[in-house]
Number of protein chains: 2
Amino acid sequence: MPDPRYRRIAEELRQRIDSGEFAHGAQLPTELELRRRYDASRNTVRDAVKWLIGRGLVETRPGQGTFVVDRIEPFHMVIDISGHGLDNFIAEVAALSRTPTVSVPRVEIHQATGVVASELQVPEGSSVVSRFQQRYIDGMAWSLQTTYYPMSLVEQGAVNLIRAVDMPEGVISYLETTLGIKQVGWRERIKVRPPDPAEAVFFRLPDDGRVAVFATMRTPFDESGRPLRLRMTVYPADRNQLVLNVGRVPPDA
Amino acid sequence: MPDPRYRRIAEELRQRIDSGEFAHGAQLPTELELRRRYDASRNTVRDAVKWLIGRGLVETRPGQGTFVVDRIEPFHMVIDISGHGLDNFIAEVAALSRTPTVSVPRVEIHQATGVVASELQVPEGSSVVSRFQQRYIDGMAWSLQTTYYPMSLVEQGAVNLIRAVDMPEGVISYLETTLGIKQVGWRERIKVRPPDPAEAVFFRLPDDGRVAVFATMRTPFDESGRPLRLRMTVYPADRNQLVLNVGRVPPDA
DNA sequence: CCGTATTTGTTCGTATGTATT
DNA sequence: CAATACATACGAACAAATACG
């Protein structure tokens, strides 16, 4: 009692893909050819192809055919936690020999709700500033980032937060020079989930949630344990790898 | 008339699931009932259900029916990087108010290949010790961990590495007391990928690669920049969340 | 630009097998 | 054993997208 017919056809096609007979991007035989080759009905070969689609191995294009999906060489997001003493944290995203670009930030005023309120430790409904940016590497959609600041920081004088300009020197150092607020640590929560529809569109991911996204939330704290901001970043997991360097670490190979 | 029939049926079912009409674990109407309700053929309602399966929303059980899948409350893997100076790193996985258990380690001697050789900076084919453990929380499969050590450490006197006993006090401190080797930093690579078949079985994940796994590789280094070991851990992404605390961070809510 | 051939997408019908209750 | 429910497999027709002369 072997497996059902469509499964055996699918397995054989998978093997032919793995063996390199069909390279990335190459076209598979058409339904008619598969039908003849395996002497099966059209619905059965279609079930086999659907099984391969379900595993993310191939994709179909109406009027054209069935193609092996392309694989992507992942970026490395490097978070460096070195330094002498814990006063200065260098937290850097390095895109090795690639050129990153950033959209102009979209600045909005919101009422804090849910995670935003609880992470920033402000009451639900209080005002927060959000800064949203789309980030690209070599023109490819790379990450979506939204940062929330308590409005109290603006009221204390950090007015640049509500200006729609990029701050390449970093907001943390801006807060230190402007308000004398010093970051002494941060917490990062990293979780993996399917993309929401907007993320799927931006990253051009399949709409079935097969490709997951990293969703990272970073909250830096000052000396008194008060959260300074909440930065939420979403990266597609198919083209990103997190690298965390702690302490003295030799350069990467 | 834009969307095909099976899509509209699927969307309506998805909405009824989201609205709570069908709770987690609840049974959906049978194919016959759906057929009558939507006045569609059996194949069409089956296509609708397959679409829902493809999104991981429901599962079918032959002879029983179609059911809404259960969601799982995630564990938090907490990595704490605090300490006074960077001499002692506390890297702890805290399972809050849950009881972790660990299988007896399976110890093997291998020839280093691929990532193992390159991360440990030993020649391909040289001997390495691997220690493999299955880890559970409250009896639920939680993670798979394999750690590789260069054989040179054993030859220098760290003979416990080739004994199949758990070392709860930690291998790093064992190496320090035995050989005087001190860890001064580490690199962690975190990536997300579909589970391989063995992982899917152990974690009881669907065999279609829909639920991703975290694959983490941690390499600690000594003062001379030499890698001490390579620890590869795999966690199912549907029940785990990474939390990274750096510097002075107030306790989690 | 138009029409035709090719290729996949959707929908129906029907029959039979397998798993569970 | 019988009833129920999903799984597999075949056939057929038409629709929609694409490629090409």
Side-chain angles (χ1 to χ4, degrees), chain A residues 1-14 16-17 22-70 204 206-208 210, chain B residues 1-14 16-17 22-70 204 206-208 210:
Chain A
M1 321 317 164
D3 284 348
R5 199 109 182 268
Y6 79 95
R7 278 283 256 117
R8 293 207 305 273
I9 296 174
E11 291 289 4
E12 183 175 324
L13 287 172
R14 188 181 55 75
R16 293 169 73 189
I17 291 170
F22 302 115
H24 295 328
Q27 183 171 8
L28 254 61
T30 67
E31 290 174 355
L32 187 61
E33 289 167 323
L34 291 175
R35 234 184 119 162
R36 280 200 291 256
R37 167 155 185 156
Y38 295 102
D39 190 34
S41 78
R42 186 174 169 225
N43 282 328
T44 300
V45 302
R46 276 178 66 75
D47 281 346
V49 172
K50 278 182 198 160
W51 190 86
L52 295 171
I53 292 174
R55 258 125 270 254
L57 295 173
V58 304
E59 63 185 3
T60 53
R61 303 207 271 270
Q64 299 188 59
T66 304
F67 300 84
V68 182
V69 299
D70 281 320
R204 298 174 187 283
D207 71 340
D208 61 358
R210 173 157 303 282
Chain B
M1 27 247 165
D3 282 353
R5 201 112 177 268
Y6 77 97
R7 280 284 257 113
R8 293 206 305 272
I9 296 174
E11 291 291 2
E12 182 174 323
L13 287 172
R14 189 181 54 72
R16 292 170 71 190
I17 292 169
F22 302 115
H24 295 329
Q27 181 171 8
L28 256 59
T30 67
E31 289 175 353
L32 185 62
E33 289 168 324
L34 291 175
R35 233 186 120 158
R36 280 201 291 256
R37 164 155 187 156
Y38 296 103
D39 190 33
S41 81
R42 187 173 167 232
N43 282 327
T44 300
V45 302
R46 273 178 67 74
D47 282 345
V49 171
K50 277 184 200 158
W51 189 87
L52 295 172
I53 292 173
R55 257 127 267 255
L57 295 174
V58 304
E59 63 186 4
T60 54
R61 303 206 273 269
Q64 297 188 56
T66 304
F67 300 84
V68 181
V69 300
D70 279 320
R204 300 174 186 283
D207 71 341
D208 61 358
R210 168 154 307 282

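In what follows, chains are A, B, ... by sequence order, proteins preceding strands, each numbered from 1.
Using a 4.0 Å cut-off between charged nitrogen and carboxylate oxygen, B:Glu11 and B:Arg8 do not count as a salt-bridge pair. With respect to B:Arg35 and B:Glu33, no salt bridge is recorded, no charged nitrogen being found less than 4.0 Å from a carboxylate O.
Closest approach of A:Ala10 to A:Leu52, counting heavy atoms only: O-CD2, 3.7 Å. The heavy-atom pair separating B:Thr44 from B:Tyr6 by the smallest distance is O-CB, 3.6 Å.
Side-chain contact between A:Glu31 and A:Leu34 is absent, with no heavy-atom pair separated by less than 4.5 Å. When side chains are defined from C-beta on, A:Leu57 does not count as touching A:Val68, because their heavy atoms never get closer than 4.5 Å.
The span of DNA chain D lying next to chain A, judged by atoms under 4.0 Å from heavy atoms, is bounded 5' to 3' by D:dT8 to D:dA19.
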Report task. Take nucleotides 5-10 of chain C nucleotide by nucleotide from the 5' end and write B, S or -, depending on whether a protein heavy atom sits under 4.0 Å from the base, only from the sugar-phosphate, or from neither. Result -> --BBBB
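Here the CZ atom belonging to B:Arg7 is positioned 14.0 Å from the CD atom belonging to B:Glu12, to the nearest 0.5 angstrom.
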